[in-house]
Amino acid sequence: MDLRLELSDIEAVLLDMDGTLVDSDAAVERAWTTWAAEFGVDAAAVLAIAHGSPADSTVRKMFADATDDAVDRAATRQLELQYDDLTGVTALAGVEDLLAVLTRRNLPWAVVTSADVRLAEARLGAAGIVAPLLVTVEDISAGKPDPEGFLLAAKRLGVAPERCLVVEDSEPGLAAGRAAGAVTAALKGLDGDVRLTDLGQLAELLA
């Protein structure tokens, strides 16, 4: 299949943040490892499910019987560990090229992230990325793999979801993109309508 044909009808691009636009894996893992030690759970078990999901969703999976208040407190603590840890947070390969192509083609784009707005703005700022539209976990009632965030971004951009390209590096994010009816582009060897080695490849396909 010609990937350019696959992308020929795209009218907007919806990008995940962590692991897609921003290299924050080390900071994320440091925060969850510290959190796991504080809350007495296995760090490896947490890291196996945390990527791409909202903090409260991951906490709920680790403490299935916890009250909503307890989950909120634990998730709040996890986010606190991430806010000020921007060490090594940078834009990933190909981001600059991709954003240049989107600007040149006047293609609308948005960042749709499981982070809250404080964390998203901190990490995007550290990476030198200014998002024209930012949809965070605070804007929605259900996080990835629920499609609500991508549907909201498409609505705000005025583009039908099926005309959007969702770019993700996690299974929950790709599941959300598929559920929204969007075309999906997958990083890190995951399965999407389009498989990408990096965002530089996507820039070439969209150019």
Side-chain angles (χ1 to χ4, degrees), residues 1-10 12-33 36 42-55 57-58 61-62 82 88-102 107 109-115 119-120 123-124 126-127 129 131 135 137 143-147 149-150 153 161-207:
M1 180 183 294
D2 187 335
L3 296 184
R4 291 182 186 275
L5 291 178
E6 184 82 19
L7 299 174
S8 61
D9 293 329
I10 293 302
V13 180
L14 310 179
L15 295 134
D16 174 52
M17 181 179 70
D18 292 310
T20 298
L21 282 172
V22 175
D23 182 359
S24 56
D25 286 355
V28 170
E29 292 186 6
R30 284 193 298 269
W32 277 112
T33 299
D42 180 59
V46 175
L47 292 173
I49 63 170
H51 187 63
S53 297
S57 175
T58 300
K61 290 176 183 176
M62 298 306 298
Q82 297 193 52
V89 174
T90 58
L92 282 161
V95 168
E96 184 176 348
D97 291 340
L98 175 61
L99 298 188
V101 168
L102 296 180
L107 270 177
W109 64 279
V111 174
V112 181
T113 176
S114 295
L119 182 59
R123 286 193 176 147
L124 290 170
I129 298 169
V135 175
V137 71
K144 303 170 187 178
D146 191 282
F150 289 124
E162 60 269 21
R163 295 283 186 171
C164 292
L165 176 67
V166 164
V167 187
E168 275 279 359
D169 73 312
S170 73
E171 289 292 359
L174 290 166
R178 286 189 287 267
V183 178
T184 58
L187 294 157
K188 297 184 178 177
L190 298 177
D191 189 24
D193 297 310
V194 179
R195 291 189 179 189
L196 301 173
T197 54
D198 59 34
L199 295 185
Q201 182 186 10
L202 181 58
E204 293 177 1
L205 291 170
L206 291 174

Handout entry: Pairwise distance OG1(T197) to NZ(K188) - rounded to 0.5 angstrom
Key = 13.5 Å
Completion exercise
Distance col, row D191:CG vs L174:CG, nearest 0.5 angstrom, shows 8.0 Å
Completion exercise
Residues at least two apart in sequence or cross-chain that pass side-chain contact (heavy atoms from CB on, under 4.5 Å) with P161, listed by chain then number, are L151, A154
Practice task
Report the residues that fulfil side-chain contact (heavy atoms from CB on, under 4.5 Å) with A43, sequence neighbours left out, ordered by chain and then residue number.
Solution key: T33, A36
Handout entry: Within-4.5 Å side-chain heavy-atom neighbours: D198 and L92
Key = no
Handout entry: Student check: side-chain heavy atoms of E168 and T184 closer than 4.5 Å
Key = no
Practice task
Search all heavy atoms of S114 against all heavy atoms of V137 and return the closest pair with its distance.
Solution key: O-CB, 3.5 Å
Problem - Heavy-atom pair with the smallest gap, counting every atom of H51 and S170 - result: CD2-CB, 3.7 Å
Handout entry: Approximate separation, where rounding is to 0.5 Å, of T90 OG1 and D23 CG
Key = 4.5 Å
Problem - Point-to-point distance, once rounded to the nearest 0.5 Å, from CD of E204 to CG of L98 - result: 11.0 Å
Exercise for the section: Using side-chain contact (heavy atoms from CB on, under 4.5 Å) as the criterion, point out the one residue from I10, D9, V183 that pairs with R163. Expected result: D9
Handout entry: Taking every non-hydrogen atom, the tightest pair across A176 and K144
Key = CB-CG, 4.1 Å
Fill in the blank from the handout: In terms of heavy-atom contacts, V111 and A131 come closest through CG2-CB, 3.7 Å
Exercise for the section: Kindly indicate whether the side chain of L202, heavy atoms from C-beta on, has any atom under 4.5 Å from the side chain of L7. Expected result: yes
Problem - Smallest separation among heavy atoms of Q82 and L119, with atom names - result: OE1-CD2, 3.6 Å
Practice task
Side-chain contact test, heavy atoms from C-beta onward, threshold under 4.5 Å: evaluate it for L196 versus L205 and give yes or no.
Solution key: yes
Handout entry: side-chain contact (heavy atoms from CB on, under 4.5 Å) against S24, all qualifying residues, sequence neighbours excluded
Key = D18, V22, V28, V89, R123
Exercise for the section: Would you list the pairs meeting ring pair (Phe, Tyr, Trp, His ring centres under 6.0 Å) in which at least one residue belongs to residues 13-33, sequence neighbours left out? Expected result: W32-W35
Fill in the blank from the handout: Heavy-atom closest pair (A180 atom, F150 atom, distance to 0.1 Å) is CB-CB, 4.1 Å
Practice task
Give, for atom CG of L199 and atom CG of L206, the distance between the pair rounded to the nearest 0.5 Å.
Solution key: 10.0 Å
Practice task
Mind checking side-chain contact (heavy atoms from CB on, under 4.5 Å) for T20 and listing every partner two or more places apart, or none if nothing turns up?
Solution key: L15, D16, V167, D169, L187
Exercise for the section: With sequence neighbours excluded, give me every ring pair (Phe, Tyr, Trp, His ring centres under 6.0 Å) pair touching residues 182-207. Expected result: none
